[in-house]
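So the structure is just underneath, and the comments pick up after that.
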Amino acid sequence: MVNSQKIRAVFFDQDGVLFDSMPCHAKAWEMAMNENGVPYTAMDCYRNEGRTGPGVINEIYQRLHGTDAPQELIDHIYDTKSNYFLQLNKGELPALIPGVRDVLQYLHKNGIQCWVVTGSGQRNLINSLNNTFDGVFTGIISAFDVKYGKPNPEPYLKAWERSGFKKEECMVVENAPLGTRAAKAAGLFTCAVNTGILPDSDLEAEHADKVFPNMAALLKWLQDSAILSV
Ligand code: MG
């Protein structure tokens, strides 16, 4: 930490941090893009994780055509992807990331605020957050609250502003390189938990302050490091 200030609020990314939803997101993106003539792989999905849906489509369209994607194409591909995501989950919520409930309960029990900060516009997941996690969240910032989305710092800045805490009192838990970039650009201490298929070096390259292999390791560090205001 930059000084002796203790953490009072933790901002959690959603996909790959709360829900083990990235494998289905990757498959849904691959199917929706490919059937619309856009070459796209699971690896592309993990590398782009954190962008809003329209942001994902626009990024690859710009790479292929050097211009912004037409709005109708964005809407069509994103609707298709969202429907595939629901189908692949068979109408159920994705499993939780192992150990994340323990992290949330430990923080909540100790009076540390927990927030969700996600680029997701997947309404079934966002609407389930309060029920699924027993009302531990103080606030939720989703694709519906931001203009730019990650890797822009906007979502994390919005959470920080709404929390009312100093930046040194806030911390981020991310799993994605672009999410880590957004959090660091917002000036926040960032723990990356590598729950996906990319190497740790992708998270270190975005200057994550800490990289953990799983939630149990993050929880142990939270308990041992005296970083929290408990
Ligand atoms: Mg994520």
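Counting convention: from 1, in listed order, for ligands and their atoms alike.
- Annotation: side chain of D134 is not in contact with side chain of H108 (no heavy-atom distance under 4.5 Å).
- Every residue two or more places apart in sequence or in another chain was checked for a salt bridge (Lys or Arg N to Asp or Glu O under 4.0 Å) with E35, and none qualifies.
- Under the rule for a salt bridge (Lys or Arg N to Asp or Glu O under 4.0 Å), D44 has no partner lying at least two apart in sequence or in another chain.
- In summary, an N, O or S atom of N175 is located under 2.8 Å from the Mg ion (ligand 1).
- The minimum distance between the Mg ion (ligand 1) and any N, O or S atom of D13 involves atom OD2.
- Using a cutoff of 4.0 Å between basic side-chain nitrogens and carboxylate oxygens, R162 and D145 are scored as salt-bridged.
- When distances to the Mg ion (ligand 1) are checked against a cut-off of 2.8 Å, E49 contributes an N, O or S atom below that limit.
- For D15, the N, O or S atom closest to the Mg ion (ligand 1) goes by the atom name O.
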